[in-house]
Enquirer: 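Let me begin by handing over the structure; questions about it come next.
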There are 2 protein chains.
Amino acid sequence: MSNACRSGCPINLTLEMLGDRWSLIVIRDLMFGNRRHFRELLTGSEEGIASNILADRLKRLVAAGLLTKSDDPAHRQKAVYSLTEPAIQLVPLLAQMGAWGSRHTPASPELSIRAKLLEEGGPPLWEAFMDELRSLHLGAPAKGPSVLARLQAAYEAAVAHEAAGT
Amino acid sequence: MSNACRSGCPINLTLEMLGDRWSLIVIRDLMFGNRRHFRELLTGSEEGIASNILADRLKRLVAAGLLTKSDDPAHRQKAVYSLTEPAIQLVPLLAQMGAWGSRHTPASPELSIRAKLLEEGGPPLWEAFMDELRSLHLGAPAKGPSVLARLQAAYEAAVAHEAAGT
DNA sequence: AGAGACTGATTGCGATTTGCAATCGGTTTT
DNA sequence: AAAACCGATTGCAAATCGCAATCAGTCTCT
């Protein structure tokens, strides 16, 4: 993935930075999965990323300025990964990606609930969610009710509804 | 890139389909560069894709239902590649990708003009552009003035302005 | 009709990337 | 002190990438 800088096209440069199979998965888990530590990212997601791949992607994303790495004050051995402002501004991109995937791939209906809610909310909801991420990751003040909790509640309701029979 | 289907998450499935360094470049050129033939895609873009990679991506995108391949009635040897409806619905995703890249990568200012216009236009402009792509690729009737021409004119004006000194 | 250019690919091959398993030294918990 | 946990690192085989050369079929030009 090193840098050849094939062209100055913004779409191309975005692909050079994020266009692989794992980088956006990591960012998705930090963004929607509320995960902060290496181990949470390693075992928490359904996709099963290998530890060396995760280590490599975290290193690259930190180097690219999308994540910061800091020490956990409570546990000296733990590293805490946080989204930076450029990564937080990927919310609209991931929202569109989720919306497209829920419409044009055989995505799980329960997992698509969040994507559809984010899509229906549109830019206003994205902004609220970005504010929330800023407060979670940068210590900025939160302004409204938790978008993350709302998305999660809708997902769990869908799962419960599914489990309770059609 | 074959199919392991790591999870049913819509973001993951979108990445499994499009998350590599070239697939979206090909779609970008079909979408914004008005290219239809293998040779145009091969030599037309700044990034310099290799012919075997292009052949592979075209094959995969056709198999995934994002492109169709048909014979050029004028030149029997030529194949014509067209965007299908699912690919046309990638417009918002590519718009967000361009917007993010123009803000957070060292993208060329001239090449960022189109991305910024698409972003400022928002969903209404995207819809108009998608209608235009449908008319170009599927033979549906066009409804308004050409968005593509407007974007291209803005780009060329920026290049001319740049060439004429600051 | 024949020479040559152009079409969409395909092949060979070396370099890189991927992903799995095992392991590491250090830290915290028991 | 022993065991579990932490964020990685290494070895290795497989897959992928990307460059160059090449291919058979089609079109143009004379």
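To find a chain, count down the sequence lines: A is the first, B the second, and so on, and within it residues start at 1.
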Enquirer: Please find the pair of heavy atoms, one from A:E110 and one from A:Y155, that lie closest to each other, and give the distance.
Expert: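 Shortest heavy-atom separation between A:E110 and A:Y155 comes out as O-CD1, 3.4 Å.
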
Enquirer: What nucleotide among C:dT28, D:dG18, D:dG7 has an atom nearest to a side-chain atom of A:Q77?
Expert: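 When the side chain of A:Q77 is considered, C:dT28 is the closest of C:dT28, D:dG18, D:dG7.
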
Enquirer: Please state how far atom CZ in A:R21 lies from atom P in D:dT16, giving the value in whole angstrom units.
Expert: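 Nearest whole value for this atom pair: 9 Å.
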
Enquirer: Over how many whole Å does the gap from A:D71 atom CG to C:dG26 atom C1' extend?
Expert: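 After rounding, the reported distance stands at 13 Å.
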
Enquirer: Any idea which heavy atoms bring A:A115 and B:P10 closest together, and the distance?
Expert: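 Scanning both residues completely, I find the closest heavy atoms to be CB-CG, 4.1 Å.
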
Enquirer: Between B:N52 and A:H75, name the one whose nearest nucleotide on DNA chain C is closer to the 5' end.
Expert: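 Closest to the 5' end, via its nearest nucleotide, is B:N52.
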
Enquirer: More 5' along DNA chain C: A:R76 or A:G48, using each one's nearest nucleotide?
Expert: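 The residue mapped nearer the 5' terminus is A:G48.
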
Enquirer: Send over the distance from A:D72 CG to D:dC5 P, rounded to a whole Å.
Expert: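 Interatomic distance, CG of A:D72 to P of D:dC5: 17 Å.
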
Enquirer: Which nucleotide in the set C:dT10, C:dG8, D:dC17 lies at the smallest distance from any side-chain heavy atom of B:R57?
Expert: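 Output: D:dC17.
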
Enquirer: Closest heavy-atom contact between B:A107 and B:S102?
Expert: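 Minimum heavy-atom separation between B:A107 and B:S102: CB-CA, 4.2 Å.
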
Enquirer: Let me know the distance between CD1 of B:I49 and C1' of D:dC17, rounded to the nearest Å.
Expert: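 Distance check: B:I49 CD1 to D:dC17 C1' gives 11 Å.
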
Enquirer: Of the nucleotides D:dG7, C:dT18, C:dG8, which has the atom closest to the B:A79 side chain?
Expert: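 Looking only at side-chain atoms, B:A79 lies closest to C:dG8.
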
Enquirer: Between A:R36 and A:V80, is there a donor-acceptor pair closer than 3.5 Å when you use the side chain of the first and the backbone of the second?
Expert: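 Side chain of A:R36 to backbone of A:V80: no pair is present.
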
Enquirer: Choose from D:dT9, D:dC17, C:dG8 the nucleotide whose nearest atom is closest to any side-chain atom of B:F38.
Expert: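 Ranking D:dT9, D:dC17, C:dG8 by closest atom to the B:F38 side chain puts C:dG8 first.
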
Enquirer: What is the nucleic acid contact for B:R39, judged by heavy atoms within less than 4.0 Å: base, sugar-phosphate only, or nothing?
Expert: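 Base, at least one base atom sits under 4.0 Å.
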
Enquirer: Side chain of A:K78 only, please: which of D:dT9, D:dC6, D:dA20 is the nearest?
Expert: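 Shortest atom-to-atom distance from the side chain points to D:dC6.
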
Enquirer: Can you see which heavy atom on A:S7 is nearest to which on A:E16, and at what distance?
Expert: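 Scanning both residues, the minimum pair turns out to be N-OE2, 4.2 Å.
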
Enquirer: Check the distance between D:dC17's P and B:K59's NZ and give it to me in whole angstrom.
Expert: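 Between P of D:dC17 and NZ of B:K59: 13 Å.
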
Enquirer: Any side-chain N or O of B:W22 less than 4.0 Å from the OP1 or OP2 oxygen of D:dG18?
Expert: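 So the side-chain polar atoms of B:W22 do come within 4.0 Å of the phosphate oxygens OP1 or OP2 of D:dG18, strictly under.
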
